[in-house]
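As the structure is a computational prediction, the values presented were derived from the model and not from experiment. Atom set for the values below is all heavy atoms of this structure, side chains included, hydrogens, waters and symmetry mates excluded. Along the sequence shown, residues are numbered consecutively beginning with 1.
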Amino acid sequence: MEILNEYWEIARTFLDTWGVSYELAGVIVLLAVWLLLYILRGLRFFRFLMRWYQRIIVVAGLIALGFWLFYVGREHQIFLDNKALNDYKPLEQVNVSINGGEPEELMARDRGMKKSVGPEFELKAEILDEKGEVVNTITRTVKIGCSKDIMISLPMLAGGAEDFVLPSPR
């Protein structure tokens, strides 16, 4: 086992030195094994290995495609929170839209909910004054990842905090 760790460290050093991503290195290794089995296909045992290798690659590819489609197509609930938190006071009035959709108007101490599909979305918050005129517009791209629900603190967003994305209130 120790020898495998040494080979792994040598391979990582080589990849990092040449700037090759681990994904590309994995594809290169898969193609190299396939090429070796293809060259040796004249022997009966290697024909057997080649068939099973191809089947395993196809099944692994289908599983990877399924995970990727799940990641890209997942629907997320985004809770918009306009309540006081720590040193940040609630905004009097704010219009929030997700991915250029219909804006939702939130008053002080309100909470709204929007839905978004995909691993990231564009958040646009228009902060309004007492007369209803736009004072400030904030646009951010938020990466959700695999979590199902998130909560965005609008007072923290308007205050310039970097960690305005909070865990779900559920």
Connected via hydrophobic side-chain network under 4.5 Å: Ile98 and Val117 = no
What are the two closest heavy atoms between Pro90 and Pro155, and how far apart are they?
-> CA-CG, 3.8 Å
May I ask you to test the Leu154-Tyr88 pair for a side-chain heavy-atom distance under 4.5 Å?
-> no
Around Asp16, counting heavy atoms of other residues, nucleotides and ligands shown, do more than 12 lie under 6.0 Å from its CG?
-> yes
Just by distance, do the side chain of His76 and the backbone of Gly118 share a donor-acceptor pair under 3.5 Å?
-> yes
Could you check Glu126, Lys114, Lys124, Glu122 and say which one makes a side-chain contact (heavy atoms from CB on, under 4.5 Å) with Ser97?
-> Lys124
Hydrophobic cluster identity match, Ile56 and Trp34, side-chain contacts under 4.5 Å | no
Heavy-atom neighbours of Glu9 CD exceed 12 at 6.0 Å | yes
Contacts of type side-chain contact (heavy atoms from CB on, under 4.5 Å), residue Leu31, not counting sequence neighbours = Val27
Single-linkage hydrophobic cluster, 4.5 Å side-chain cutoff, Tyr71 and Ile150 together | no
Nearest heavy-atom approach of Pro167 to Met151 is O-CB, 3.6 Å
Kindly list each side-chain donor-acceptor pair under 3.5 angstrom involving residues 131-141, sequence neighbours excluded, with atom names and distances?
none

Are side-chain heavy atoms of Ile57 and Tyr53 found at a separation under 4.5 Å?
-> yes
Phe121-Phe79 co-clustered via ILVMFWY side chain contacts under 4.5 Å = yes
Can you establish whether the number of heavy atoms outside Arg109 located under 6.0 Å from its atom CZ is more than 12?
-> no
Verify, without hydrogens or angle tests, whether Asn82 (side chain) and Met107 (backbone) share a donor-acceptor contact under 3.5 angstrom.
-> yes
Taking all non-hydrogen atoms of both residues into account, name the closest pair between Phe164 and Leu123 and its distance.
-> CE1-CD2, 4.4 Å
Looking only at heavy atoms, which two atoms of Leu106 and Arg111 are closest? And how far apart?
-> CD2-C, 4.0 Å
Side chains of Leu166 and Leu85: closer than 4.5 Å at any heavy-atom pair?
-> yes
Step through the shown structure and confirm whether more than 12 heavy atoms of other residues, nucleotides or ligands are within 6.0 Å of CD on Glu105.
-> yes
What pairs with Leu35 under side-chain contact (heavy atoms from CB on, under 4.5 Å), at least two apart in sequence or on another chain?
-> Ile39
Side-chain contact, heavy-atom cut-off 4.5 Å: Lys148 with Arg74?
-> yes
For Asp129 and Gln93 the tightest heavy-atom approach is O-OE1, 4.0 Å
From the options Ile127, Leu157, Asp110, select the one residue that forms a side-chain contact (heavy atoms from CB on, under 4.5 Å) with Val94.
-> Ile127
Nearest atoms (heavy-atom pairs only) where Glu104 meets Gly112 | OE2-CA, 3.2 Å
Would you call Ile152 and Asp81 a side-chain contact if the rule is heavy atoms closer than 4.5 Å?
-> no
Say whether Val165 and Ile144 are linked into one hydrophobic cluster, either directly or through other cluster members, by side-chain heavy-atom distances under 4.5 angstrom.
-> yes
